[in-house]
J.: 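Below you'll find the structure I mean.
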Amino acid sequence: QIWSRDMFGMRRWIALCLAFLFVVSGSPNAPLYLYYSSLRLDNAVYATEKSLESIKQDYSFIRNCTKVASNSTPIDGTVPLYTYFSAQYNDTANVATAESIAYLKSKNYQMIGIEGYIYPSDFSSDGLPLKLYWSEARSDLFLTGCTADEQSAIAAGYVLRGIEGKSLMLMRAGIH
């Protein structure tokens, strides 16, 4: 009798664990990929197939930066990460804050889509901060959540414009 009661408890525990894994995997995250165009001197991050298709010829893959909530399953409390393009600057920019969107519109950037969803910068999460950098020399806005990319941007003369939000990837010492 004791064995069958414990076995029932064990089955329930396993079922709860499997249900948790199903729920977690049921809200897919999309990787946010960093690409660079040596022709345009442009850094850009993309998560959607549509965006990736549009850049195949001009851009080279650099790395998987972080994760965002996919367009098909935004998570409560997240905001859109927009992609804008400027023909004048030949620049692709990824932004989420009202301030950055207003800035891009004042410079005649056109919105071309949503890459995914991120947490606002004031949201209490341990997500990686997504920092927006600007290079006057290259006329390039560059969003990153990766320490190595930040260091490269600063070494290339980029200046921090602000934090657009937080990714879904958690901060871990030495990982980002």
Side-chain angles (χ1 to χ4, degrees), residues 27 29-37 40-52 54-55 58-59 62-172 175-176:
S27 57
N29 297 335
L32 196 59
Y33 299 111
L34 171 62
Y35 284 82
Y36 178 72
S37 171
R40 298 179 184 199
L41 299 177
D42 182 33
N43 293 284
V45 293
Y46 297 103
T48 63
E49 291 296 324
K50 179 182 171 187
S51 296
L52 293 171
S54 70
I55 62 159
D58 290 1
Y59 288 78
I62 303 299
R63 79 179 97 254
N64 178 350
C65 295
T66 188
K67 294 193 181 293
V68 297
S70 72
N71 282 342
S72 61
T73 53
I75 297 170
D76 287 344
T78 58
V79 296
L81 178 63
Y82 296 100
T83 301
Y84 279 79
F85 180 74
S86 167
Q88 176 184 350
Y89 298 113
N90 210 12
D91 180 40
T92 305
N94 308 94
V95 297
T97 64
E99 177 186 45
S100 293
I101 291 168
Y103 173 78
L104 292 180
K105 287 181 178 179
S106 76
K107 298 290 186 182
N108 295 319
Y109 279 73
Q110 301 298 312
M111 188 184 73
I112 58 174
I114 296 174
E115 291 305 316
Y117 291 81
I118 62 174
Y119 290 112
S121 56
D122 62 352
F123 189 80
S124 62
S125 86
D126 289 333
L128 292 171
L130 295 172
K131 298 176 182 178
L132 185 64
Y133 285 87
W134 166 252
S135 168
E136 187 70 39
R138 295 182 177 186
S139 297
D140 182 34
L141 283 162
F142 172 40
L143 182 79
T144 185
C146 177
T147 303
D149 294 337
E150 282 184 65
Q151 292 169 350
S152 295
I154 292 166
Y158 283 73
V159 177
L160 180 65
R161 276 196 51 86
I163 297 175
E164 293 300 304
K166 295 179 181 177
S167 76
L168 303 186
M169 187 177 284
L170 299 179
M171 291 181 17
R172 289 176 272 168
I175 302 294
H176 54 94

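Because only heavy atoms are used, hydrogens play no part in the values below, and waters and symmetry mates are left out as well, while side chains stay in.
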J.: Give the C-alpha distance, both sets of side-chain angles, the deciding distance and a yes or no for side-chain contact (heavy atoms from CB on, under 4.5 Å) between E164 and L143.
T.: CA-CA 8 Å; E164 293 300 304; L143 182 79; 3.7 Å; yes
J.: What I want to check is whether the side chains of D42 and Y59 have a donor and an acceptor closer together than 3.5 Å.
T.: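 A pair is found: one side chain offers a donor N or O, the other an acceptor, under 3.5 Å apart.
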J.: Over all heavy atoms of both residues, which pair between A96 and I101 is shortest? Give the atoms and the distance, please.
T.: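 Closest heavy-atom pair between A96 and I101: O-CD1, 4.1 Å.
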J.: Hey, does the side chain of K166 reach the backbone of F123 with a donor-acceptor pair shorter than 3.5 angstrom?
T.: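 A pair under 3.5 Å: yes.
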J.: Any chance you could lay out the side-chain contact (heavy atoms from CB on, under 4.5 Å) test for L168 and I118, step after step, and finish with the verdict?
T.: CA-CA 7 Å; L168 303 186; I118 62 174; 6.0 Å; no
J.: Let me confirm one number: the CG-CG distance from L132 to L160, rounded to the nearest 0.5 Å.
T.: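 Output value for this atom pair is 8.0 Å.
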J.: In this structure, which one of L32, L130, T83 forms a side-chain contact (heavy atoms from CB on, under 4.5 Å) with N94?
T.: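 Of the listed options, the one satisfying the test is T83.
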J.: Show your working on side-chain contact (heavy atoms from CB on, under 4.5 Å) between S70 and Y117 and close with a plain yes or no.
T.: CA-CA 6 Å; S70 72; Y117 291 81; over 6 Å; no
J.: Which class fits the ring pair Y82 and Y84: parallel under 30°, tilted 30 to 60°, perpendicular over 60°?
T.: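 Aromatic pair Y82/Y84 classed perpendicular.
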J.: What closest approach, in Å, do Y103 and S106 show between heavy atoms, and which atom pair accounts for it?
T.: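 That closest heavy-atom pairing would be O-OG, 2.6 Å.
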J.: Out of curiosity, I163 CD1 to S100 OG, how far, rounded to the nearest 0.5 Å?
T.: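 Interatomic distance, I163 CD1 to S100 OG, rounded to 0.5 Å: 11.0 Å.
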J.: Does some side-chain heavy atom of L141 sit less than 4.5 Å from a side-chain heavy atom of R161?
T.: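 They are in side-chain contact.
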J.: Quick one: CG on D91 to CG on N43, what's the gap to the nearest 0.5 Å?
T.: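 Going from the CG atom of D91 to the CG atom of N43 covers 9.0 Å.
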J.: Return the OH to CG distance between Y119 and D76, rounded to the nearest 0.5 Å.
T.: 9.0 Å
J.: What distance separates L104 CG from Y89 OH, expressed to the nearest 0.5 Å?
T.: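 Output value for this atom pair is 10.0 Å.
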J.: Taking all atoms of both residues into account, what is the closest heavy-atom pair of K107 and Q88, and its distance?
T.: O-OE1, 4.1 Å
J.: Assign the ring pair Y158 / F142 to parallel, tilted or perpendicular, where the plane angle (0 to 90°) is split at 30° and 60°.
T.: perpendicular
J.: Taking all heavy atoms of A69 and all of N29, pick out the closest pair and write down the distance.
T.: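 Nearest heavy atoms, A69 then N29: CA-OD1, 4.3 Å.
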J.: Is there a donor-acceptor contact under 3.5 Å from the side chain of T78 to the main chain of I75?
T.: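 Looks like yes, one N/O pair under 3.5 Å.
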J.: Is it the case that the side chain of Q110 and the backbone of F85 share a donor-acceptor pair, with hydrogens and angles ignored and the cut-off at 3.5 Å?
T.: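 No, Q110 side chain to F85 backbone: no donor-acceptor pair under 3.5 Å.
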J.: Let me confirm one number: the OG-CG distance from S152 to L34, rounded to the nearest 0.5 Å.
T.: 9.5 Å
